4 protein chains.
Amino acid sequence: MKRITILINCKDSKGIIASATNFIHQQSGNIVYIDQHVDRVDDMFFMRLECEFSKDVFSLKVFKNIFAEVIGKKFEMNWQLHDSDSKPKMAIFVSKYEHCLYDILSRYSSNELEVDIPLIISNHPDLEPIAKSFNIPYFCIKVTKDTKQEAEEEQLRLLKEHNVDFVVLARYMQIISPKLIEEYKYEIINIHHSFLPAFPGAKPYHSAYERGVKIIGATSHYVTEDLDEGPIIEQDITRVSHTHTIKDFILKGRDLEKIVLSRALKLHTKRKVMVFNNKTVVFT
Amino acid sequence: MKRITILINCKDSKGIIASATNFIHQQSGNIVYIDQHVDRVDDMFFMRLECEFSKDVFSLKVFKNIFAEVIGKKFEMNWQLHDSDSKPKMAIFVSKYEHCLYDILSRYSSNELEVDIPLIISNHPDLEPIAKSFNIPYFCIKVTKDTKQEAEEEQLRLLKEHNVDFVVLARYMQIISPKLIEEYKYEIINIHHSFLPAFPGAKPYHSAYERGVKIIGATSHYVTEDLDEGPIIEQDITRVSHTHTIKDFILKGRDLEKIVLSRALKLHTKRKVMVFNNKTVVFT
Amino acid sequence: MKRITILINCKDSKGIIASATNFIHQQSGNIVYIDQHVDRVDDMFFMRLECEFSKDVFSLKVFKNIFAEVIGKKFEMNWQLHDSDSKPKMAIFVSKYEHCLYDILSRYSSNELEVDIPLIISNHPDLEPIAKSFNIPYFCIKVTKDTKQEAEEEQLRLLKEHNVDFVVLARYMQIISPKLIEEYKYEIINIHHSFLPAFPGAKPYHSAYERGVKIIGATSHYVTEDLDEGPIIEQDITRVSHTHTIKDFILKGRDLEKIVLSRALKLHTKRKVMVFNNKTVVFT
Amino acid sequence: MKRITILINCKDSKGIIASATNFIHQQSGNIVYIDQHVDRVDDMFFMRLECEFSKDVFSLKVFKNIFAEVIGKKFEMNWQLHDSDSKPKMAIFVSKYEHCLYDILSRYSSNELEVDIPLIISNHPDLEPIAKSFNIPYFCIKVTKDTKQEAEEEQLRLLKEHNVDFVVLARYMQIISPKLIEEYKYEIINIHHSFLPAFPGAKPYHSAYERGVKIIGATSHYVTEDLDEGPIIEQDITRVSHTHTIKDFILKGRDLEKIVLSRALKLHTKRKVMVFNNKTVVFT
């Protein structure tokens, strides 16, 4: 069996679901999952389908062409088609914090994440031993004010060379350049250590402590040019009290960061996230 | 516009989604919501559809007949069809605790619950003033060992007389008879004050205190003949510590009971819950 | 037995705990609860004590004088002494939303809140029937741009006349004047329908929807002159998704508002909250 | 400065707090933390104190003797005295699951856990490479029906040889012998992958799936002779739905297990847990 995932997004109108499901049925496909959403404010339609086809007769290329012709054009859809056989290639960017890296790599080595990790890129050499212990190539590209542009070009070159599909910033402490963001639109996932939109920017735990909040959070989002304002994929929180110091906030926050980032990675990897109007539709 | 909700449940097979969606399209209906689930262990298919039809030409009776003939028979479906125009009629059973009753009635009076409440039945007279302040008829039917059977017959008679669709046990402290359960299969909703299957039966807060748990819960479920073992609709929890007494558990638990029961009521009212194998499929 | 609660706050130094506990022992008191906190950043000490004294010999007035002399002066303390026999008097301010009012009053009528409620003040007549059904006097004081000052004076007069100890704003939709805030410093409790400091000001649910957050919250805080920036007493959150409309946010938020506000009320009533540096110490 | 932690537990009576705090003051100590709890059902008193002494003059041995004589005897206390300078030595027991081991070791290598880890013991060789990458000795002791007793003796010998203070069972899939439990009373910490007392024993995720619960949990507890019935230190939960398979339960559960176990380890390491009547008092 060949399993493919179809993501659809277009203006809402009558008959989209019937047309799409009927089309797949006519192509001898079996729908094993369907989920849809209509944004009533913007009148937009979103759908995610998983279908199975017999391997003998199915051609992905042919299917794509017919789908585009028969369905895509009719409803003026944006659509993506993913072959479940091929694992996406994920690059990890890190700086000096190791907790998210350890978390991702231990999940990876337990086959919990359905990705390949061709490389890790860092602006510091510190975490190379961890990469090594998991047998993943580690590239240290220093980023200074003077070398920023070169560094970015080198990063992009490495991503292209390794056919990277998407990037995870596992507490990478540098701002990503517009060029990289454009090349990997909605394919760069960041973890921010606060409950956005509260406490954007640097040192959110310090600000949270200062404000005297009773709950702290973490937010995973796609990176856009507006810092910490990209579409939110996942958030979670934990309770704090007056007894906790900033150091306690940071330690408790680490656990949140790991959990929230790993959930976002899984959702993205399984193609369950669609972006519209700087917001996400996250299918279950 | 006429809006109807269709719930479907049958053995899984190819083409169900395409057949059903196509059928609705052919009947000039527009699907505004679709959700489906396949239980891979039991190979069962579940689907919930909301569709809109033009009021002028649509006949519910005709639609039902054709649906049964064309789709229902083909896949040997269990199916239900609900007209969104008619509010379900809900009876409330209470004893002496008022918190769940207050909560339900204040939601009802804020139009948060899409139900009619034709009557409240109790085995005690205590809560009649509350019923009165919301202008809902209150019937006190005492239940003793000797009068149990008569009482149940009177309850059933009242439910029938008021065309009650489903019953909520808002901390009703009597066991429901098999006859009533059979008449209202998966239409009687209970709130149990523990995180089932932990602490079934009487005095769960006492047992939870005794065991020294760090979290207590509440569970809303359909009533079946096996006490506290019916299909779970919703659960939630709250943290406790050694500083909390049993009285604290009870007070904290009340808030859980109210929230969990009201969530279950809303899900049931919107026909989002399907039951199979003593478990629920809860569509979002 | 006479039970009193002592709240202490002063610069941290050696021997405070020993001095205070020893003093109470010498006065033939028995400490039944002690909790303390040291803010290491500001080097401040906080303590909450509950003590029991034999009724025959104990004079609150005498105790206060000696405590002030022996302990208070020595450590330059701010301290408060509360007699557990007397229930605090709480005024409720409302506008048109009834959910928080219903929630507070049903808790009050179940003896869950250890307060007296001498009056409810509103800028609208709408909720008077609810007040009536709980037998609580309801004063409607219209607030317009022209009458704002008079209205505030009338409010203050009523609070004084009824010996009100503290005020709860149960979704009261007017800004409180500096004069009232000063008269009831850290004695006015508000519920804000967002996870502060995210989404302060008007229409937070709309802003949360717009931003596409995955979690919404509610915050109860003391009112200060800086709108929505007073010391936070309690916060809680609930998950949302792309399937929820703004109306859903509002409905889900209501449950949060009720729970969070009632928790804050209980903490305040039991004198478990101390304020310093615009933050709270909340003893358990 | 010398910092020590004192844990006290005795029948409740008047003056314990004043006596203990006064005693420490007389010994020129400064109390930096005090927390206490009275179990009103069993009339038991619990207290945790952290005190600082000047290093020059303080003798732990002398202090212990005087404390025992002056305070301990007077109130017939059980008491423990811990020197904060010395890190406790923790042994890890594992079988084949690596997620808890990875989690503990990555926290250990980030200095998040204030312990030494002299050795890891397993009944399988599988996880030795992980131990190696963190430079921790790994002892594989096979356990079969025939060798069970020998194996346990070998385990005990290794624990003694390495001066182990407490043991963490990081998903160790063997039952611990009464002898080991007795030697390390309330010093063996287990993580059970359910919300106890629901689903004790083997395969809790399977049972949870079968029952159709909407929430799954994990529980960390001290090991006693009654399987899964020891004093609970910490619990937490996560939501599940009909869309989740048993495999999903297991994956989601892993994150719970890691978090809950690490919290329990931190509480135990900081001497914040006291046991009485098969329940825990957990100071904050």
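Per chain, numbering begins at 1; letters A, B, ... match sequence-line order. Since the structure is predicted, the reported quantities are computational estimates derived from the model, not experimental observations.
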**Item:** Nearest atoms (heavy-atom pairs only) where D:Val213 meets B:Gln235
**Value:**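 Looks like CB-OE1, 3.5 Å.
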**Request:** For this output row, return yes or no: ring centroids of D:His242 and B:Phe46 closer than 6.0 angstrom.
**Result:**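 No, ring centres 6.0 Å or more apart.
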**Prompt:** So what's closer than 4.5 Å to chain B heavy atoms on D:Asp236: side chain, backbone, both or neither?
**Reply:**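 Both backbone and side chain.
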**Pairwise distance CG(B:Asp35) to OG1(D:Thr243) - rounded to 0.5 angstrom** =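 So the CG of B:Asp35 and the OG1 of D:Thr243 are separated by 9.5 Å.
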**Prompt:** CZ of B:Arg211 to CD of D:Glu229: how many Å apart, nearest 0.5 Å?
**Reply:**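 Going from CZ on B:Arg211 over to CD on D:Glu229, the span is 6.5 Å.
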Please indicate whether [X] has more than 12 foreign heavy atoms, meaning atoms of other residues, nucleotides or ligands, lying under 6.0 Å from its [atom1].
X        : atom1 : value
D:Tyr108 : OH    : yes
B:Gln174 : CD    : yes
B:Tyr97  : OH    : no
B:Lys11  : NZ    : yes

**Top contributor to chain B contacts, counting heavy-atom pairs under 4.5 Å, from D:Gly230, D:Gly217, D:Pro231** =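 Among D:Gly230, D:Gly217, D:Pro231, the one with the most close pairs to chain B is D:Gly230.
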**Message:** Taking every non-hydrogen pair under 4.5 Å, which of B:Val281, B:Ile233, B:Val41 racks up the most with chain D?
**Reply:**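 Most heavy-atom pairs under 4.5 Å with chain D: B:Val281.
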**Prompt:** Taking every heavy-atom pair that is under 4.5 Å apart, which of B:Ala198, B:Ser207, B:Ala208 has the most such pairs with chain D?
**Reply:**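 Top count of heavy-atom pairs under 4.5 Å with chain D: B:Ala198.
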**Asked** Can you find a heavy atom in the side chain of B:Arg40 that is under 4.5 Å from one in the side chain of D:Thr245?
**Response**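 Of all side-chain heavy-atom pairs linking D:Thr245 with B:Arg40, none is under 4.5 Å.
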**Message:** Need one label for B:Arg239: side chain, backbone, both or neither, based on atoms under 4.5 Å from any heavy atom in chain D.
**Reply:**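 Side chain of B:Arg239 only, per the 4.5 Å heavy-atom cut-off to chain D.
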**Part of B:Ile246 within contact of chain D (heavy atom distance under 4.5 Å)** =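 Neither part.
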**Any donor-acceptor N or O pair under 3.5 Å, side chains D:Thr280, B:Lys214** =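 The criterion, which ignores hydrogens and geometry beyond distance, is satisfied for B:Lys214 and D:Thr280.
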